[in-house]
Amino acid sequence: MVSNVNTYKDLTPARPLDRATLNKMVWRSLFLQASFNYERMQAAGWLYGILPGLEKIHTNKEDLSASMGHNLEFFNTHPFLVTFVMGIVLSLEQQKADIPTIRAVRVAAMGPLGGIGDAIFWFTLLPITAGITANMALEGNIIAPFLFLVVFNVVQFAVRYWLMYWSYDLGTTAIEVLTRNAKEFTHAASMLGVFVVGALTCNYGATTIRIALQNGESVIDVQGILDGVLPQLVPLSLTLMVYFLIKKKGWSTIKCIGLLLVIGIIGAAFGIWGGNYTPLVEWYTLPA
Amino acid sequence: MVSNVNTYKDLTPARPLDRATLNKMVWRSLFLQASFNYERMQAAGWLYGILPGLEKIHTNKEDLSASMGHNLEFFNTHPFLVTFVMGIVLSLEQQKADIPTIRAVRVAAMGPLGGIGDAIFWFTLLPITAGITANMALEGNIIAPFLFLVVFNVVQFAVRYWLMYWSYDLGTTAIEVLTRNAKEFTHAASMLGVFVVGALTCNYGATTIRIALQNGESVIDVQGILDGVLPQLVPLSLTLMVYFLIKKKGWSTIKCIGLLLVIGIIGAAFGIWGGNYTPLVEWYTLPA
Amino acid sequence: MVSNVNTYKDLTPARPLDRATLNKMVWRSLFLQASFNYERMQAAGWLYGILPGLEKIHTNKEDLSASMGHNLEFFNTHPFLVTFVMGIVLSLEQQKADIPTIRAVRVAAMGPLGGIGDAIFWFTLLPITAGITANMALEGNIIAPFLFLVVFNVVQFAVRYWLMYWSYDLGTTAIEVLTRNAKEFTHAASMLGVFVVGALTCNYGATTIRIALQNGESVIDVQGILDGVLPQLVPLSLTLMVYFLIKKKGWSTIKCIGLLLVIGIIGAAFGIWGGNYTPLVEWYTLPA
Amino acid sequence: MIGPLQLVLILVVTFIAAIDQFNFLESLYQPIVMGPVVGAILGDITTGLAVGGAYQLMQIGSMPVGGAQPPNAVVGGIMATVFAVVSGLDVNAALGASVPFALLGQYGVTLTFTLMSGLMAKADEEAANANPAGIVKLNYFAMALLGLLFAGATLVGVISITNPTVSDFISSLDGNWIMGGLSAAGGMMRYVGFAVLMRIMLADDMWGIYFAGFALAAILGAAGLGGPALVLVAFVGIAIALYDYNINVSIKNAGGGSGGVSDGI
Amino acid sequence: MIGPLQLVLILVVTFIAAIDQFNFLESLYQPIVMGPVVGAILGDITTGLAVGGAYQLMQIGSMPVGGAQPPNAVVGGIMATVFAVVSGLDVNAALGASVPFALLGQYGVTLTFTLMSGLMAKADEEAANANPAGIVKLNYFAMALLGLLFAGATLVGVISITNPTVSDFISSLDGNWIMGGLSAAGGMMRYVGFAVLMRIMLADDMWGIYFAGFALAAILGAAGLGGPALVLVAFVGIAIALYDYNINVSIKNAGGGSGGVSDGI
Amino acid sequence: MIGPLQLVLILVVTFIAAIDQFNFLESLYQPIVMGPVVGAILGDITTGLAVGGAYQLMQIGSMPVGGAQPPNAVVGGIMATVFAVVSGLDVNAALGASVPFALLGQYGVTLTFTLMSGLMAKADEEAANANPAGIVKLNYFAMALLGLLFAGATLVGVISITNPTVSDFISSLDGNWIMGGLSAAGGMMRYVGFAVLMRIMLADDMWGIYFAGFALAAILGAAGLGGPALVLVAFVGIAIALYDYNINVSIKNAGGGSGGVSDGI
Ligand SMILES: OC[C@H]1O[C@H](O)[C@@H](O)[C@@H](O)[C@@H]1O
Ligand SMILES: OC[C@H]1O[C@H](O)[C@@H](O)[C@@H](O)[C@@H]1O
Ligand SMILES: OC[C@H]1O[C@H](O)[C@@H](O)[C@@H](O)[C@@H]1O
């Protein structure tokens with residue numbers, strides 16, 4: 001709900017937030033996605049997270065209401081990086097900045113941080129830690145899950161704490177830094193993100209072609225031929241296809257997921273995709 | 001022959017060319033090099049290609065003569081990309097632009113397109129398609145030549161058609177786009193080309209050293225030693241040598257080819273170059 | 001000793017230096033580090049090197065004294081590149097430039113040339129030539145030391161001669177070139193240097209972990225696990241640690257060397273570092 | 001074969017993991033953790049560890065991005081472990097048999113996210129009344145809802161597979177083309193994640209960098225550096241990003257603000 | 001051993017391929033196509049396929065650039081096939097024996113390109129008269145000329161090698177140092193193509209990028225990615241080119257046109 | 001076992017090498033040269049060659065940078081050869097046994113560099129008097145001092161190891177943890193060199209490029225291109241440096257000098 005109040009009643013800057021409140025909000029940030037939903041995504045979880053700060057800042061009921069109102073608008077970012085947005089927004093709230101300014105900063109920060117966070121945490125940190133420890137688990141090493149939890153969470157908490165304090169302390173300076181070269185920063189960060197996603201497409205490509213034909217003495221192995229053209233050609237093509245559907249055709253992700261389900265099952269019916277199964281239609285015999 | 005007419009008699013823009021004429025010229029573009037020669041290279045083939053358009057545009061005999069005249073000047077570009085130049089030039093002719101302008105645009109476009117086209121089509125597309133299918137052929141697969149022809153020509157025709165329509169439709173806009181950032185575009189395209197040529201030098205380096213000496217127990221294998229310094233060092237050196245002769249000494253390519261023939265034969269006489277032959281002078285014995 | 005004279009008495013430009021004097025100084029440049037010391041590093045060797053030139057230029061005793069004085073200030077660069085600085089400084093001396101100008105140019109040139117030279121000669125040319133020939137030596141090939149000396153010194157002398165003549169001939173133009181884009185040049189050269197040092201850290205990382213534990217059937221090989229995370233992780237960490245100590249804690253290199261000695265010996269006592277020895281404390285048994 | 005206490009424990013664990021998949025540690029719920037935990041409850045920690053590790057590897061890279069849900073690793077991982085320990089399927093078969101439950105979990109999440117949209121109006125009301133407690137309650141409610149839905153799904157799963165008819169049927173699905181297709185589709189889910197990231201970040205001038213990243217990963221894979229691949233990719237990516245940042249700031253400063261980051265070809 | 005019909009068919013095919021090497025599909029003429037076609041004419045398509053594939057691999061990368069002619073693949077490929085099928089040489093020997101004919105073909109092209117220079121004055125005349133038909137005829141004439149020259153060369157080749165003396169002589173050349181030298185020289189022709197491309201494109205500031213491309217290819221080769229090497233090189237190259245374009249456009253816009261692409265060191 | 005003439009020759013060679021390590025050819029002193037030379041003096045050139053090669057490989061990359069001294073290769077290399085030829089240790093043991101002497105040499109250099117600091121006042125005096133001969137003499141003196149110190153160290157070394165008690169003791173150190181630790185530390189010395197270079201060159205905006213260089217070397221190593229690695233690194237590095245130079249010059253020119261190289265984030 002876009003609030004129609006533009007300035008707070010009480011424009012006297014509030015007292016800076018104390019350590020205890022900041023810490024409390026770091027902990028609350030862990031529940032950013034509690035009420036995740038398709039309409040406003042993390043909005044209510046975001047508000048839940050900064051409430052302790054807002055309550056200290058807005059002693060006046062009207063202002064608290066106004067602040068809660070605009071902090072319930074659509075919000076979505078990477079959970080581990082949310083404290084950075086919290087710090088900046090709270091420092092603006094404390095100084096009783098104009099609500100449109102606060103909104104603009106919140107929206108400007110959440111987008112790039114979402115993309116970067118996904119690339120770094122979901123697609124880099126997680127696969128590395130979970131991948132290595134999963135292999136240890138397969139060798140029967142019971143340390144594996146503990147090691148995974150420790151490394152992953154040490155990073156997570158370090159990031160959450162540090163960003164909260166850093167961005168709140170910098171206060172408006174942070175915004176200055178962020179806004180002065182924001183376009184350049186976003187561009188560079190996106191470059192990094194896109195580069196990593198390109199690598200992921202190749203690295204985690206998980207779709208192979210099963211088709212192989214006996215041709216006299218030799219075997220025509222379709223996957224082998226494709227690998228000679230470009231490794232991970234199929235994953236790349238599928239990713240680009242999904243991207244195209246989302247970007248140019250405006251498909252929702254749920255629709256894309258449905259399409260991939262269909263492609264997966266129909267392909268398996270004809271023995272196209274790799275895996276350990278018997279196709280419905282066996283139009284070729286796998287060479288021994 | 002540099003024409004001495006600078007403006008057409010009839011300056012009323014002609015009617016836009018119809019699809020049939022454009023299509024016809026795409027087909028004629030296939031014969032760009034019919035009368036290739038050392039004086040003007042593809043000049044007469046270029047004129048042949050755009051004649052259907054010129055005849056529609058210049059109903060006046062004098063203008064047709066002027067136009068044919070300046071379109072017989074030196075011309076050389078990559079055959080697959082020529083339709084891009086056709087489209088622009090024809091749109092200028094249709095608008096009865098100044099002849100020096102048309103000439104300038106034609107000359108500006110043909111150079112970079114030649115280099116890029118060679119790098120992309122002769123040295124990338126062709127080796128990939130022909131290389132893969134040649135290996136299939138060696139395995140006795142009769143599909144190979146067909147596959148090669150289909151893939152190669154689908155790309156070729158797609159490029160020719162699409163460029164013709166794109167550049168003619170954009171008309172003067174295309175020129176605007178091309179000229180506004182022409183220096184930057186050429187620079188970037190040349191970077192790509194040079195990068196690819198660097199890779200080709202390594203990838204297609206085909207010259208090895210045969211010399212190997214028994215040294216007690218061990219074998220001194222010259223090619224092995226060179227590979228330890230830099231893979232494909234000999235092809236790199238030879239390429240740089242030829243470049244130097246062409247660029248700094250002004251050698252013609254035919255002279256360079258002659259030099260390489262001499263180097264090849266004299267080298268083989270002394271058993272320097274790799275291959276399956278008996279040198280004239282056997283000054284070392286190949287280790288078993 | 002920072003000289004307190006700012007201009008020479010005799011401001012008439014001296015006659016250009018003859019070939020013989022330049023050659024002599026190239027030879028003298030070989031002894032740049034003769035009296036290397038921690039206070040002024042190569043200062044006295046540098047003065048020794050350019051003395052033949054200075055004596056020709058400053059016929060007046062007072063000026064010679066002033067010139068020798070300011071040329072005894074702190075100096076340090078890469079020995080092979082020193083002739084470039086010599087050439088420029090001598091051309092300035094010959095034109096009787098202001099002493100502060102000469103000093104500024106000398107100081108501006110010596111820094112980047114030192115870094116670049118170390119990266120190129122000590123860490124690239126030397127390892128390549130010495131590495132290849134050392135392997136030949138291990139195979140008993142007596143040519144090895146000669147090959148090393150010839151290649152290394154041909155490069156060295158070519159560089160020394162060429163730079164001396166190039167920079168002296170360019171004279172003030174060289175300075176103009178060097179100073180106009182000096183910041184850009186230094187930046188680019190440093191990029192190259194840093195890139196090479198990054199590669200060296202990985203390429204010459206020489207520290208491995210010895211620890212390996214029998215775990216039922218399988219072996220937990222710590223070095224293997226680290227390699228799965230990042231090859232040469234230990235050398236990278238140690239290098240960054242030393243960098244940090246030098247840069248942020250202001251440690252001297254001698255102190256860093258001492259620390260590494262301690263780390264090396266204590267680590268070996270506990271069997272941490274790879275190598276062929278028996279640890280003092282054997283808290284694990286190497287799997288067979 | 002599963003005692004009542006074991007069942008309750010599994011449901012509690014499921015409840016926690018369901019919440020954890022979007023909140024709290026966002027890591028407890030991973031199969032590599034859930035496998036051994038459920039294994040321990042069922043008395044076979046070793047099998048649990050093996051199934052957890054295998055499931056983890058299979059679904060690596062399938063993460064929700066922008067809320068897009070791949071087949072659910074929580075229900076999937078738990079059910080795979082149950083299959084392996086209780087029904088005695090081997091690891092691969094257990095992975096396959098768990099796919100339908102992973103889809104069920106995916107559906108459960110989507111359902112919750114839809115239902116919760118309806119409650120946003122309620123949240124606005126609490127805000128209008130400046131009532132923090134209301135916001136707190138709403139969030140707790142949503143988590144409890146998700147946890148209960150998941151516990152329910154697992155309950156159905158566990159009960160049905162201890163029923164011999166159902167379990168025989170499911171075992172018979174092993175190697176079936178539908179299971180094969182579901183697995184293949186599961187492996188494709190990550191592409192949606194990649195595509196979403198690209199839609200967020202990829203400006204027109206960045207297509208090249210996307211392909212360059214792809215190429216670098218291909219080289220790393222071929223050179224046998226699959227393990228440290230992502231660290232090395234990050235090294236190179238950071239070099240590119242830092243360079244881009246510095247150059248574009250320089251350009252902006254040089255031009256008095258008129259230039260800056262170009263907007264693509 | 002070669003019947004008259006077969007001979008005529010070979011000459012027709014040669015005529016077409018000679019024209020196709022610079023016109024029309026610019027792909028029919030490739031050895032991988034000509035090998036099996038000539039093989040089929042001579043009744044041994046399998047051998048034709050093998051020779052065509054081998055010749056293709058040998059001459060990959062030797063393309064005319066800026067009109068520079070390497071040894072000619074049309075005559076070379078056709079003659080190699082004839083050698084293999086008719087004279088029964090094995091593939092390698094057939095490749096070697098065809099080298100002199102490839103040189104003959106190269107000479108034929110050079111001759112045509114020289115002769116056609118003389119006809120450019122005629123073309124100017126037709127232009128002055130605004131006579132399109134004259135231009136058309138001139139182009140047809142040139143193609144016919146090239147086709148006939150090539151058919152002639154092939155005729156001489158086929159006739160001479162069916163002569164036992166000649167064919168014995170040619171077989172005896174196998175393994176000879178001159179053949180070895182011609183092969184080595186043939187492999188070197190591509191360097192002229194590379195150098196010509198460099199002369200066209202390589203500005204002084206691009207030496208680094210040339211060596212970087214070389215380095216990337218070396219890595220790809222060593223990592224066993226020789227096959228997809230060029231695709232991956234193109235990926236990286238596109239990234240570089242796009243970046244270069246965007247940065248330089250930014251710089252130009254920032255500086256009001258005074259800056260732009262630097263002209264090298 | 002070492003005759004007086006041999007001893008004198010070794011001391012002369014040491015004297016020269018000590019000076020050469022910082023002056024003249026700066027290459028004669030390398031173990032790959034000293035090994036066979038000392039071997040020849042002692043009558044076993046083959047062993048000298050082997051020791052020299054092995055020592056060279058071990059200390060590759062440990063170069064003085066900015067005056068920072070790693071364990072000294074001159075004394076180390078010479079003593080290792082003596083150990084191998086005279087005491088009959090095998091190559092590895094000889095390398096290990098020479099470590100304490102390499103440390104002694106390192107100390108000798110540091111001592112000289114400290115002593116010479118004191119003489120700078122004298123140099124200033126000669127300058128004030130405009131007396132070139134004084135500067136010349138001072139430099140000669142410093143070289144002689146270093147040469148003599150090193151000859152002394154080698155003399156002590158050679159004499160002590162021909163003493164059976166000492167040599168037995170030293171042999172007994174082989175495989176000892178202290179020797180292992182010294183070797184490990186020796187291998188670490190190069191990191192100081194790297195760090196010093198970084199302090200000199202690495203601006204804040206260059207961290208990325210450092211890691212990129214690291215990544216490239218990792219790839220080259222894994223792809224089996226360890227040999228030509230540095231040449232290929234230089235190729236790529238030159239591409240980057242040239243590009244950086246051109247872009248930054250363009251930016252400067254575009255902006256009328258206000259922009260230029262950015263000063264990092
Ligand atoms: O994309 C940003 C963000 O979007 C949603 O909130 C969830 O999918 C998160 O996992 C993700 O990090
Ligand atoms: O270099 C551009 C162009 O030059 C000539 O026209 C021919 O060699 C073509 O094959 C080439 O594409
Ligand atoms: O770092 C520059 C320079 O510093 C000192 O002079 C010595 O360590 C040299 O070896 C080095 O080249």
Side-chain angles (χ1 to χ4, degrees), chain C residues 1 30-31 33-35 37-40 44 47-48 51 61 64-65 68-69 72 115 118 122 124 127 130 134 137-138 145 152 181 183-184 187-188 190-195 197-199 201-204 206 231 238-239 242-243 246-247 253 256 260-261 264-265 268-269 273 275 277 279-280, chain F residues 22-25 27 32-33 36 49 53 56-57 60-61 63 65 68 113 116-117 120 123-124 127-128 130 132 135 139 142-143 175 177 180-181 183-185 187-188 190-192 194-195 197-202 206 209-210 213-214 216-218 229-230 233 237 240-241 244-245 248-249 261:
Chain C
M1 195 188 75
L30 294 172
F31 297 91
Q33 310 199 92
S35 54
N37 63 82
Y38 288 132
E39 192 193 319
R40 305 211 201 138
L47 175 55
Y48 168 77
L51 266 179
K61 195 169 168 178
L64 182 57
S65 163
M68 286 175 70
L72 257 180
D118 287 345
W122 291 162
T124 303
L138 288 180
F152 188 82
N181 294 331
K183 212 167 135 206
E184 287 72 22
H187 190 267
S190 299
M191 293 265 292
L192 171 58
V194 168
F195 189 73
V197 175
T201 310
C202 184
N203 207 35
Y204 292 138
L238 287 171
T239 302
V242 175
Y243 173 78
I246 291 176
K247 172 97 185 204
T253 54
C256 295
L260 292 181
L261 266 175
I265 292 177
W273 310 125
Y277 63 91
L280 181 63
Chain F
F22 299 116
N23 300 283
F24 193 46
L25 301 188
S27 48
I32 192 180
V33 180
L49 198 59
Q56 189 74 47
L57 285 184
I60 252 176
M63 285 297 293
V65 156
F113 287 4
M116 288 312 299
S117 299
M120 284 300 104
D124 289 338
I135 296 295
N139 279 297
M143 289 194 279
W177 63 274
S183 295
M188 292 177 187
R190 59 197 73 179
Y191 309 146
V192 178
F194 301 159
L197 278 187
M198 286 161 71
R199 198 207 44 197
I200 296 173
M201 295 188 289
L202 194 147
M206 292 181 197
I209 214 75
Y210 174 76
F214 186 94
L216 178 56
L230 288 181
V233 165
I240 295 173
D244 182 68
Y245 179 83
N248 279 312
V249 169
V261 175

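Naming convention: chains lettered A, B, ... in sequence-line order (proteins, then strands); numbering from 1 in each chain.
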### Query
If you look at every heavy atom in C/S65 and F/A128, which pair is closest and at what distance?
OG-O, 3.0 Å

### Query
Quick one: CZ on F/F22 to CG on C/L30, what's the gap to the nearest 0.5 Å?
15.5 Å

### Message
Report which part of C/W122 has an atom under 4.5 Å of a heavy atom belonging to chain F: side chain, backbone, both, or neither.
### Response
both

### Task
Considering only heavy atoms and a distance below 4.5 Å, find which of C/C202, C/A134, C/G275, C/G193 pairs most often with chain F.
C/C202

### F/Y191 side chain near C/T201 side chain, heavy-atom distance below 4.5 Å
no

### Summary
Under 4.5 Å to a heavy atom of chain C? For F/P132 that would be both

#### Entry: Set of side chain to side chain donor-acceptor pair (under 3.5 Å) partners for C/S35, sequence neighbours left out
F/N139

### Message
Using every non-hydrogen atom in the two residues, find where C/I246 and F/A195 come nearest and quote the distance to one decimal.
### Response
CD1-CB, 4.1 Å

### Task
With a 4.5 Å cut-off on heavy-atom pairs, point out which of F/R199, F/M188, F/M198 contacts chain C the most.
F/M188

#### Entry: Non-hydrogen side-chain atoms of C/V242 and F/F194 separated by less than 4.5 Å
no

### Over all atoms of both residues, closest heavy-atom pair of F/N23 and C/A34
OD1-N, 2.8 Å

### Task
Report yes if the side chains of F/F24 and C/F31 come closer than 4.5 Å at any heavy-atom pair, otherwise no.
yes

### Message
Going by side chain to side chain contact (heavy atoms under 4.5 Å, CB included), name the residues that satisfy it together with C/L138, two or more places apart in sequence or in a different chain.
### Response
C/N135, F/A54, F/L57

### Query
Any side-chain heavy-atom pair from F/M63 and C/D118 closer than 4.5 angstrom?
no

## Note on the structure
When the 4.5 angstrom heavy-atom criterion is applied to C/P231 and chain F, the contacting part is both

### Task
Please name the pair of heavy atoms, one in F/S117 and one in C/Y38, separated by the smallest distance, quoted to 0.1 Å.
OG-N, 3.2 Å

### Per-residue contact mode, C/F152 against chain F (heavy atom under 4.5 angstrom)
side chain

#### Entry: Flag side-chain contact, heavy atom, 4.5 Å: C/P145 against F/L49
yes

### Message
Less than 4.5 Å apart, side chain to side chain, heavy atoms only: is that true for C/T239 and F/F214?
### Response
no

### Query
Do C/R40 and F/D124 have side-chain heavy atoms sitting under 4.5 Å apart?
yes

### Task
Sort F/A123 into side chain, backbone, both or neither according to what part of it lies under 4.5 angstrom from a heavy atom of chain C.
both

### Task
Search all heavy atoms of F/R190 against all heavy atoms of C/A206 and return the closest pair with its distance.
NH1-CB, 3.6 Å

### Task
Of all the heavy-atom pairs spanning C/A268 and F/G180, show the shortest one and how long it is.
CB-C, 3.9 Å

### Task
Using non-hydrogen atoms and a 4.5 Å limit, figure out which bit of C/L261 sits close to chain F: side chain, backbone, both or neither.
both

### Task
Taking the side chain as every heavy atom from C-beta outward, state whether F/I135 and C/L72 have any pair of such atoms under 4.5 Å apart.
yes

### Summary
So, the part of F/I209 with a heavy atom under 4.5 Å from chain C: the answer is both

